[in-house]
Student: 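Below is one structure. I have some questions about it.
Both counts, for ligands and for their atoms, begin at 1 and track the order of listing.
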Amino acid sequence: MGLFKRNRPEPAKSGSPDEGRPPAADRQALAQQWREQGVQLQAQARQLQEQATQQMAAFRQAAQPGPTAEPGSGRWVRQVMAILGPPEPGFVKRCTCAVCGAPKKLPTVTAYVYCDYCASLVDFDLRRAGEGDTAPGPQYAATVNGTHAAAQAAVAAGDRDTYRDLQKQVYQAYVTYVPMAVSHRAKNDPGYRSSYVDYMAEAAVARAFDPAAQALEAEMKQRVLGLRYAGNMMSPTVEPDSFWPVVGTLERQIESAKVLYRSAGLADLDPDHAEHLTGKLGWSGFCQGWLGMLPADAAAELLDRAGLTNQYVPVQAEGGQPRHCGGCGAQFSSLPGARAVICEGCGRKIDLGGAELPCASCGATMTLPAGADEVACPFCQARVERAGLR
Ligand SMILES: [Zn+2]
Ligand SMILES: [Zn+2]
Ligand SMILES: [Zn+2]
(Lines give C-alpha, C1' and ligand atoms only; values in the text may rest on other atoms or scores of the structure.)
(Ligands and ions follow the chains in the order given, each with its own letter.)
Protein backbone atom coordinates (compact mmCIF):
# COMPACT_ATOMS: atom_id res chain seq x y z
CA MET A 1 0.00 0.00 0.00
CA GLY A 2 1.28 2.80 -0.83
CA LEU A 3 0.56 4.96 1.70
CA PHE A 4 3.35 4.09 3.49
CA LYS A 5 6.41 5.67 4.01
CA ARG A 6 8.27 5.28 7.11
CA ASN A 7 7.62 6.91 10.33
CA ARG A 8 8.91 7.01 13.62
CA PRO A 9 7.58 6.78 17.11
CA GLU A 10 8.10 9.15 19.97
CA PRO A 11 10.81 8.40 22.46
CA ALA A 12 9.55 5.83 24.90
CA LYS A 13 8.91 7.37 28.24
CA SER A 14 8.27 4.18 30.10
CA GLY A 15 8.65 0.50 29.69
CA SER A 16 12.13 0.92 28.32
CA PRO A 17 14.66 -1.79 28.92
CA ASP A 18 16.57 0.60 31.15
CA GLU A 19 13.75 1.50 33.40
CA GLY A 20 14.51 0.70 36.96
CA ARG A 21 18.23 0.82 36.57
CA PRO A 22 20.12 2.93 39.04
CA PRO A 23 20.78 6.45 37.78
CA ALA A 24 23.90 6.55 35.66
CA ALA A 25 26.73 8.24 37.46
CA ASP A 26 27.97 9.80 34.28
CA ARG A 27 25.61 12.14 32.47
CA GLN A 28 27.28 11.42 29.18
CA ALA A 29 26.83 7.72 29.64
CA LEU A 30 23.18 8.26 30.37
CA ALA A 31 22.77 10.43 27.30
CA GLN A 32 24.50 7.81 25.18
CA GLN A 33 22.23 5.17 26.60
CA TRP A 34 19.18 7.13 25.54
CA ARG A 35 20.64 7.81 22.13
CA GLU A 36 21.18 4.12 21.59
CA GLN A 37 17.71 3.32 22.71
CA GLY A 38 16.33 5.90 20.34
CA VAL A 39 18.19 4.41 17.41
CA GLN A 40 16.87 0.99 18.22
CA LEU A 41 13.36 2.23 18.52
CA GLN A 42 13.70 3.85 15.18
CA ALA A 43 14.90 0.60 13.64
CA GLN A 44 12.00 -1.21 15.14
CA ALA A 45 9.63 1.49 14.00
CA ARG A 46 10.76 1.17 10.42
CA GLN A 47 10.23 -2.54 10.57
CA LEU A 48 6.75 -2.04 11.91
CA GLN A 49 5.96 0.38 9.19
CA GLU A 50 7.09 -2.08 6.59
CA GLN A 51 5.01 -4.71 8.29
CA ALA A 52 1.97 -2.48 8.24
CA THR A 53 2.54 -1.96 4.54
CA GLN A 54 2.59 -5.67 3.93
CA GLN A 55 -0.44 -6.28 6.09
CA MET A 56 -2.43 -3.75 4.17
CA ALA A 57 -1.25 -5.22 0.87
CA ALA A 58 -2.34 -8.65 1.99
CA PHE A 59 -5.70 -7.36 3.09
CA ARG A 60 -6.36 -5.53 -0.10
CA GLN A 61 -5.47 -8.57 -2.16
CA ALA A 62 -7.78 -10.73 -0.11
CA ALA A 63 -10.65 -8.36 0.35
CA GLN A 64 -10.70 -6.42 -2.84
CA PRO A 65 -10.42 -8.42 -5.98
CA GLY A 66 -10.76 -6.24 -9.00
CA PRO A 67 -10.11 -2.58 -9.44
CA THR A 68 -10.04 -0.49 -6.33
CA ALA A 69 -8.80 2.80 -5.05
CA GLU A 70 -5.08 2.40 -4.62
CA PRO A 71 -3.63 3.31 -1.30
CA GLY A 72 -2.09 6.68 -1.72
CA SER A 73 -4.63 7.44 -4.38
CA GLY A 74 -6.75 10.54 -4.46
CA ARG A 75 -9.44 8.99 -2.34
CA TRP A 76 -7.02 7.97 0.36
CA VAL A 77 -5.24 11.27 0.27
CA ARG A 78 -8.48 13.19 0.62
CA GLN A 79 -9.53 11.10 3.57
CA VAL A 80 -6.27 11.44 5.42
CA MET A 81 -5.87 15.09 4.59
CA ALA A 82 -9.32 15.74 5.94
CA ILE A 83 -8.19 14.32 9.25
CA LEU A 84 -4.76 15.86 9.37
CA GLY A 85 -5.90 19.28 8.26
CA PRO A 86 -5.80 21.13 4.97
CA PRO A 87 -2.43 21.72 3.34
CA GLU A 88 -1.07 25.11 4.21
CA PRO A 89 1.60 26.47 1.89
CA GLY A 90 4.13 28.54 3.77
CA PHE A 91 3.97 26.39 6.87
CA VAL A 92 6.29 23.71 8.16
CA LYS A 93 5.82 21.00 10.75
CA ARG A 94 6.59 22.25 14.24
CA CYS A 95 9.58 20.31 15.52
CA THR A 96 13.01 20.79 17.03
CA CYS A 97 16.30 19.10 16.12
CA ALA A 98 17.29 16.66 18.84
CA VAL A 99 20.94 16.93 17.83
CA CYS A 100 21.53 20.70 17.69
CA GLY A 101 18.37 22.06 19.29
CA ALA A 102 17.33 24.25 16.35
CA PRO A 103 13.64 24.65 15.53
CA LYS A 104 12.62 23.63 12.02
CA LYS A 105 12.18 26.79 9.92
CA LEU A 106 12.39 26.08 6.20
CA PRO A 107 9.77 24.38 4.06
CA THR A 108 9.95 20.66 3.38
CA VAL A 109 9.00 18.74 0.28
CA THR A 110 8.88 15.17 1.56
CA ALA A 111 7.74 13.47 4.75
CA TYR A 112 11.31 13.34 6.02
CA VAL A 113 12.05 16.54 7.89
CA TYR A 114 15.76 17.37 8.10
CA CYS A 115 17.41 20.06 10.23
CA ASP A 116 18.14 23.38 8.51
CA TYR A 117 21.35 23.72 10.52
CA CYS A 118 22.98 20.31 10.91
CA ALA A 119 21.15 18.07 8.38
CA SER A 120 20.03 15.57 11.02
CA LEU A 121 16.73 13.82 10.55
CA VAL A 122 14.36 15.72 12.83
CA ASP A 123 10.90 14.36 12.25
CA PHE A 124 8.47 12.60 9.97
CA ASP A 125 5.49 14.50 8.61
CA LEU A 126 2.56 12.16 8.14
CA ARG A 127 0.57 14.75 6.23
CA ARG A 128 3.35 15.14 3.69
CA ALA A 129 3.52 11.38 3.47
CA GLY A 130 -0.09 11.33 2.35
CA GLU A 131 0.51 13.65 -0.56
CA GLY A 132 2.14 11.15 -2.87
CA ASP A 133 1.57 7.62 -3.98
CA THR A 134 4.04 5.28 -2.35
CA ALA A 135 2.28 2.08 -3.29
CA PRO A 136 4.79 -0.72 -3.80
CA GLY A 137 4.86 -1.64 -7.46
CA PRO A 138 4.70 -5.12 -8.95
CA GLN A 139 8.49 -5.45 -9.05
CA TYR A 140 8.72 -5.11 -5.29
CA ALA A 141 5.89 -7.57 -4.73
CA ALA A 142 7.60 -9.99 -7.11
CA THR A 143 10.80 -9.81 -5.10
CA VAL A 144 8.96 -10.39 -1.83
CA ASN A 145 7.05 -13.31 -3.29
CA GLY A 146 10.09 -14.71 -5.05
CA THR A 147 12.16 -14.87 -1.88
CA HIS A 148 9.43 -15.96 0.49
CA ALA A 149 9.86 -19.74 0.29
CA ALA A 150 13.64 -19.57 0.56
CA ALA A 151 13.35 -17.21 3.50
CA GLN A 152 10.99 -19.57 5.30
CA ALA A 153 13.41 -22.41 4.67
CA ALA A 154 16.32 -20.37 5.99
CA VAL A 155 14.46 -19.63 9.20
CA ALA A 156 13.54 -23.29 9.59
CA ALA A 157 17.19 -24.25 9.11
CA GLY A 158 18.45 -21.58 11.49
CA ASP A 159 20.44 -20.08 8.61
CA ARG A 160 20.74 -16.39 9.43
CA ASP A 161 23.23 -15.61 6.66
CA THR A 162 20.97 -16.87 3.91
CA TYR A 163 18.00 -15.11 5.44
CA ARG A 164 19.96 -11.85 5.66
CA ASP A 165 20.97 -12.10 1.99
CA LEU A 166 17.35 -12.64 0.99
CA GLN A 167 16.20 -9.67 3.05
CA LYS A 168 18.83 -7.51 1.40
CA GLN A 169 17.29 -8.43 -1.94
CA VAL A 170 13.89 -7.43 -0.59
CA TYR A 171 15.01 -4.06 0.75
CA GLN A 172 17.10 -3.35 -2.31
CA ALA A 173 13.91 -3.79 -4.30
CA TYR A 174 12.13 -1.56 -1.79
CA VAL A 175 14.50 1.37 -2.20
CA THR A 176 14.54 0.84 -5.96
CA TYR A 177 10.84 0.36 -6.69
CA VAL A 178 9.21 2.20 -3.78
CA PRO A 179 11.56 5.19 -3.57
CA MET A 180 8.87 7.56 -2.36
CA ALA A 181 8.54 5.49 0.79
CA VAL A 182 12.18 5.97 1.68
CA SER A 183 14.01 9.14 2.66
CA HIS A 184 14.97 11.30 -0.28
CA ARG A 185 18.56 10.87 0.89
CA ALA A 186 18.44 7.44 -0.77
CA LYS A 187 17.83 8.93 -4.21
CA ASN A 188 21.36 9.97 -5.10
CA ASP A 189 23.50 8.73 -2.26
CA PRO A 190 24.61 5.13 -2.84
CA GLY A 191 26.26 4.99 0.57
CA TYR A 192 23.05 5.96 2.32
CA ARG A 193 21.09 3.50 0.22
CA SER A 194 23.29 0.52 0.96
CA SER A 195 23.45 1.38 4.67
CA TYR A 196 19.70 1.58 4.77
CA VAL A 197 19.34 -1.81 3.07
CA ASP A 198 21.81 -3.42 5.49
CA TYR A 199 20.07 -1.86 8.45
CA MET A 200 16.60 -2.98 7.45
CA ALA A 201 17.85 -6.48 6.59
CA GLU A 202 19.57 -6.85 9.94
CA ALA A 203 16.44 -5.80 11.77
CA ALA A 204 14.47 -8.36 9.77
CA VAL A 205 16.96 -11.04 10.79
CA ALA A 206 16.61 -10.08 14.44
CA ARG A 207 12.84 -10.35 14.19
CA ALA A 208 12.70 -13.57 12.19
CA PHE A 209 14.85 -15.51 14.62
CA ASP A 210 13.26 -14.24 17.80
CA PRO A 211 10.46 -16.46 19.13
CA ALA A 212 8.71 -13.63 20.97
CA ALA A 213 8.70 -11.41 17.87
CA GLN A 214 7.39 -14.27 15.78
CA ALA A 215 4.63 -14.93 18.30
CA LEU A 216 3.59 -11.29 18.09
CA GLU A 217 3.61 -11.37 14.31
CA ALA A 218 1.40 -14.42 14.39
CA GLU A 219 -0.86 -12.62 16.83
CA MET A 220 -0.98 -9.62 14.51
CA LYS A 221 -1.99 -11.82 11.60
CA GLN A 222 -4.82 -13.25 13.67
CA ARG A 223 -5.94 -9.77 14.70
CA VAL A 224 -5.97 -8.63 11.10
CA LEU A 225 -7.91 -11.72 10.09
CA GLY A 226 -10.40 -10.81 12.79
CA LEU A 227 -11.14 -7.41 11.30
CA ARG A 228 -14.66 -6.74 10.19
CA TYR A 229 -15.38 -4.55 7.22
CA ALA A 230 -18.22 -2.31 6.25
CA GLY A 231 -18.84 0.01 3.35
CA ASN A 232 -18.59 -1.33 -0.15
CA MET A 233 -15.98 -2.90 -2.35
CA MET A 234 -14.70 0.37 -3.69
CA SER A 235 -14.66 2.12 -0.37
CA PRO A 236 -14.36 -0.38 2.47
CA THR A 237 -14.10 0.71 6.07
CA VAL A 238 -12.90 -1.19 9.10
CA GLU A 239 -15.22 -1.50 12.06
CA PRO A 240 -13.43 0.19 14.96
CA ASP A 241 -14.37 -2.44 17.54
CA SER A 242 -12.46 -5.02 15.54
CA PHE A 243 -9.59 -2.60 14.92
CA TRP A 244 -8.47 -1.63 18.42
CA PRO A 245 -7.08 -5.11 19.20
CA VAL A 246 -4.80 -4.65 16.18
CA VAL A 247 -3.57 -1.41 17.72
CA GLY A 248 -3.02 -3.15 21.03
CA THR A 249 -0.83 -5.77 19.38
CA LEU A 250 1.12 -3.07 17.60
CA GLU A 251 1.87 -1.41 20.94
CA ARG A 252 3.17 -4.71 22.29
CA GLN A 253 5.28 -5.21 19.17
CA ILE A 254 6.88 -1.84 19.72
CA GLU A 255 7.73 -2.67 23.31
CA SER A 256 9.08 -6.07 22.32
CA ALA A 257 11.15 -4.71 19.49
CA LYS A 258 12.86 -2.19 21.75
CA VAL A 259 14.42 -5.03 23.69
CA LEU A 260 15.10 -7.15 20.64
CA TYR A 261 16.86 -4.50 18.58
CA ARG A 262 18.92 -3.40 21.52
CA SER A 263 20.22 -6.92 22.00
CA ALA A 264 20.83 -7.23 18.25
CA GLY A 265 23.08 -4.17 18.32
CA LEU A 266 21.27 -2.31 15.56
CA ALA A 267 22.04 1.11 17.01
CA ASP A 268 24.99 1.82 14.77
CA LEU A 269 23.43 0.71 11.51
CA ASP A 270 20.85 3.46 10.95
CA PRO A 271 22.21 5.82 8.30
CA ASP A 272 20.13 8.68 9.70
CA HIS A 273 21.26 8.19 13.30
CA ALA A 274 17.90 9.59 14.28
CA GLU A 275 18.02 8.35 17.83
CA HIS A 276 15.39 10.81 18.95
CA LEU A 277 12.83 9.54 16.46
CA THR A 278 11.49 6.44 17.94
CA GLY A 279 7.93 5.19 18.03
CA LYS A 280 6.78 7.90 15.66
CA LEU A 281 8.03 6.04 12.59
CA GLY A 282 6.26 2.85 13.50
CA TRP A 283 3.05 4.59 14.41
CA SER A 284 3.15 6.69 11.27
CA GLY A 285 3.59 3.68 9.03
CA PHE A 286 0.77 1.92 10.75
CA CYS A 287 -1.46 4.97 10.44
CA GLN A 288 -0.61 5.33 6.78
CA GLY A 289 -1.78 1.80 6.32
CA TRP A 290 -5.07 2.06 8.12
CA LEU A 291 -6.24 5.65 8.49
CA GLY A 292 -7.98 5.70 5.16
CA MET A 293 -10.11 2.73 6.11
CA LEU A 294 -11.35 4.02 9.43
CA PRO A 295 -14.42 6.14 10.09
CA ALA A 296 -13.37 9.73 10.76
CA ASP A 297 -13.83 9.63 14.53
CA ALA A 298 -11.86 6.41 14.87
CA ALA A 299 -9.14 7.82 12.61
CA ALA A 300 -8.88 10.87 14.81
CA GLU A 301 -8.68 8.65 17.88
CA LEU A 302 -5.91 6.60 16.28
CA LEU A 303 -3.88 9.72 15.47
CA ASP A 304 -4.34 10.91 19.02
CA ARG A 305 -3.31 7.56 20.49
CA ALA A 306 -0.29 7.53 18.19
CA GLY A 307 0.66 11.08 19.14
CA LEU A 308 0.65 12.11 15.49
CA THR A 309 -1.56 15.16 15.49
CA ASN A 310 0.72 17.55 13.68
CA GLN A 311 1.14 21.23 14.34
CA TYR A 312 2.44 23.61 11.71
CA VAL A 313 4.24 26.91 12.06
CA PRO A 314 5.01 29.59 9.47
CA VAL A 315 8.21 29.14 7.47
CA GLN A 316 10.96 31.43 8.80
CA ALA A 317 13.55 32.11 6.13
CA GLU A 318 14.77 35.46 7.48
CA GLY A 319 18.49 36.03 7.03
CA GLY A 320 18.85 33.06 4.70
CA GLN A 321 21.38 33.29 1.89
CA PRO A 322 20.51 31.71 -1.43
CA ARG A 323 22.71 28.81 -2.44
CA HIS A 324 22.54 26.17 -5.13
CA CYS A 325 22.93 22.43 -4.79
CA GLY A 326 26.00 21.19 -6.64
CA GLY A 327 24.22 17.90 -7.21
CA CYS A 328 20.95 18.98 -8.80
CA GLY A 329 21.15 22.76 -9.15
CA ALA A 330 18.16 23.43 -6.89
CA GLN A 331 18.24 26.71 -5.01
CA PHE A 332 17.95 26.54 -1.26
CA SER A 333 18.33 28.89 1.66
CA SER A 334 21.31 28.74 4.01
CA LEU A 335 20.32 30.17 7.39
CA PRO A 336 22.87 32.08 9.48
CA GLY A 337 24.91 29.56 11.46
CA ALA A 338 23.88 26.57 9.37
CA ARG A 339 26.59 23.94 8.84
CA ALA A 340 24.90 21.38 6.60
CA VAL A 341 21.53 20.69 5.00
CA ILE A 342 19.87 17.94 3.02
CA CYS A 343 18.87 19.16 -0.44
CA GLU A 344 15.10 18.89 -0.79
CA GLY A 345 15.56 18.47 -4.52
CA CYS A 346 17.94 15.53 -4.69
CA GLY A 347 18.50 14.38 -1.12
CA ARG A 348 22.24 14.99 -1.14
CA LYS A 349 23.84 16.28 2.04
CA ILE A 350 25.32 19.70 1.37
CA ASP A 351 28.29 20.97 3.36
CA LEU A 352 27.86 24.70 3.99
CA GLY A 353 31.36 25.19 5.37
CA GLY A 354 32.69 26.88 2.23
CA ALA A 355 31.52 29.57 -0.13
CA GLU A 356 29.72 28.77 -3.35
CA LEU A 357 31.98 27.74 -6.21
CA PRO A 358 31.62 29.16 -9.70
CA CYS A 359 31.42 26.99 -12.78
CA ALA A 360 34.20 28.16 -15.11
CA SER A 361 32.13 27.12 -18.09
CA CYS A 362 28.65 28.58 -17.50
CA GLY A 363 29.21 30.87 -14.53
CA ALA A 364 26.61 29.26 -12.29
CA THR A 365 27.54 29.06 -8.63
CA MET A 366 26.98 26.04 -6.43
CA THR A 367 27.82 24.39 -3.12
CA LEU A 368 29.31 20.91 -3.29
CA PRO A 369 27.73 17.90 -1.61
CA ALA A 370 29.48 16.72 1.55
CA GLY A 371 32.38 14.43 0.74
CA ALA A 372 32.57 15.44 -2.91
CA ASP A 373 35.70 17.16 -4.16
CA GLU A 374 34.20 17.78 -7.56
CA VAL A 375 30.89 17.59 -9.40
CA ALA A 376 29.62 17.81 -12.93
CA CYS A 377 27.95 21.23 -13.10
CA PRO A 378 24.22 20.51 -12.92
CA PHE A 379 23.61 23.19 -15.54
CA CYS A 380 26.31 22.53 -18.15
CA GLN A 381 28.06 19.33 -17.02
CA ALA A 382 31.50 20.98 -16.85
CA ARG A 383 33.71 19.81 -14.00
CA VAL A 384 33.62 22.00 -10.89
CA GLU A 385 36.23 21.32 -8.21
CA ARG A 386 36.30 22.20 -4.56
CA ALA A 387 38.50 25.21 -3.90
CA GLY A 388 42.03 24.37 -2.85
CA LEU A 389 42.40 21.38 -5.10
CA ARG A 390 45.09 21.74 -7.69
ZN1 LIG B 1 20.18 20.14 13.91
ZN1 LIG C 1 20.18 18.81 -4.86
ZN1 LIG D 1 28.19 25.04 -15.55
Side-chain angles (χ1 to χ4, degrees), residues 8 11 31 34-35 38-39 42 92-125 179-180 182-193 270-278 280 313 315-317 319-387 389:
R8 354 200 117 217
W34 279 100
R35 285 164 55 89
V39 169
Q42 184 196 16
V92 65
K93 190 174 191 303
R94 181 202 297 275
C95 53
T96 300
C97 178
V99 175
C100 77
K104 180 64 185 172
K105 294 181 178 178
L106 298 176
T108 55
V109 172
T110 78
Y112 293 87
V113 180
Y114 284 94
C115 179
D116 305 313
Y117 292 86
C118 75
S120 298
L121 185 58
V122 176
D123 209 337
F124 183 87
D125 185 346
M180 314 73 74
V182 181
S183 166
H184 47 298
R185 287 193 66 190
K187 283 201 287 190
N188 291 292
D189 186 338
Y192 179 96
R193 209 156 46 230
D270 174 15
D272 275 314
H273 304 293
E275 49 274 352
H276 52 289
L277 290 174
T278 54
K280 182 175 284 185
V313 294
V315 165
Q316 304 167 63
Q321 294 296 314
R323 286 194 182 229
H324 305 84
C325 172
C328 72
Q331 180 172 316
F332 62 92
S333 184
S334 172
L335 296 175
R339 291 177 287 115
V341 296
I342 302 297
C343 175
E344 291 285 330
C346 69
R348 291 180 177 87
K349 185 173 182 177
I350 307 293
D351 181 358
L352 300 175
E356 290 233 305
L357 302 175
C359 170
S361 176
C362 75
T365 62
M366 68 204 69
T367 307
L368 266 52
D373 290 326
E374 62 176 49
V375 293
C377 171
F379 305 102
C380 76
Q381 304 304 309
R383 193 163 78 161
V384 178
E385 293 183 334
R386 193 179 289 280
L389 291 180

Student: Can you check the angle at the Zn ion (ligand 3) formed by SG of Cys359 and SG of Cys362? Round it to the nearest 10°.
Tutor: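 That angle is 110°.
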Student: Can you give me the SG-the Zn ion (ligand 1)-SG angle for Cys100 and Cys97, to 10°?
Tutor: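 With the Zn ion (ligand 1) as the vertex, SG (Cys100) and SG (Cys97) sit 110° apart.
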Student: Vertex the Zn ion (ligand 3): angle to SG of Cys380 and SG of Cys377, to 10°?
Tutor: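 An angle of 110° at the metal.
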Student: Taking the Zn ion (ligand 2) as the vertex, how big is the angle to SG in Cys328 and SG in Cys343, rounded to 10°?
Tutor: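 Cys328 SG and Cys343 SG form an angle of 100° at the Zn ion (ligand 2).
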Student: With a 3.5 Å cut-off and no angle check, do the side chains of Tyr114 and Lys349 form a donor-acceptor pair?
Tutor: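 Checked: Tyr114/Lys349 side chains show no N/O donor-acceptor pair below 3.5 Å.
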Student: So, are Asp189 and Arg348 salt-bridged, with charged N and O less than 4.0 Å apart?
Tutor: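 A salt bridge is absent here (no side-chain N lies under 4.0 Å from a carboxylate O).
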Student: Ion pair present between Arg185 and Asp272, side-chain N to carboxylate O less than 4.0 angstrom?
Tutor: yes
Student: Rounded to the nearest 0.5 Å, what separation is found between the SG atom of Cys118 and the CG atom of Leu352?
Tutor: 11.0 Å
Student: Which angle, to 10 degrees, forms at the Zn ion (ligand 2) with SG of Cys346 on one side and SG of Cys325 on the other?
Tutor: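 Computed angle, vertex at the Zn ion (ligand 2), rounded to 10 degrees: 100°.
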Student: side-chain contact (heavy atoms from CB on, under 4.5 Å) between Val341 and Ser334: does it pass, once the steps are laid out?
Tutor: CA-CA 8 Å; Val341 296; Ser334 172; over 6 Å; no
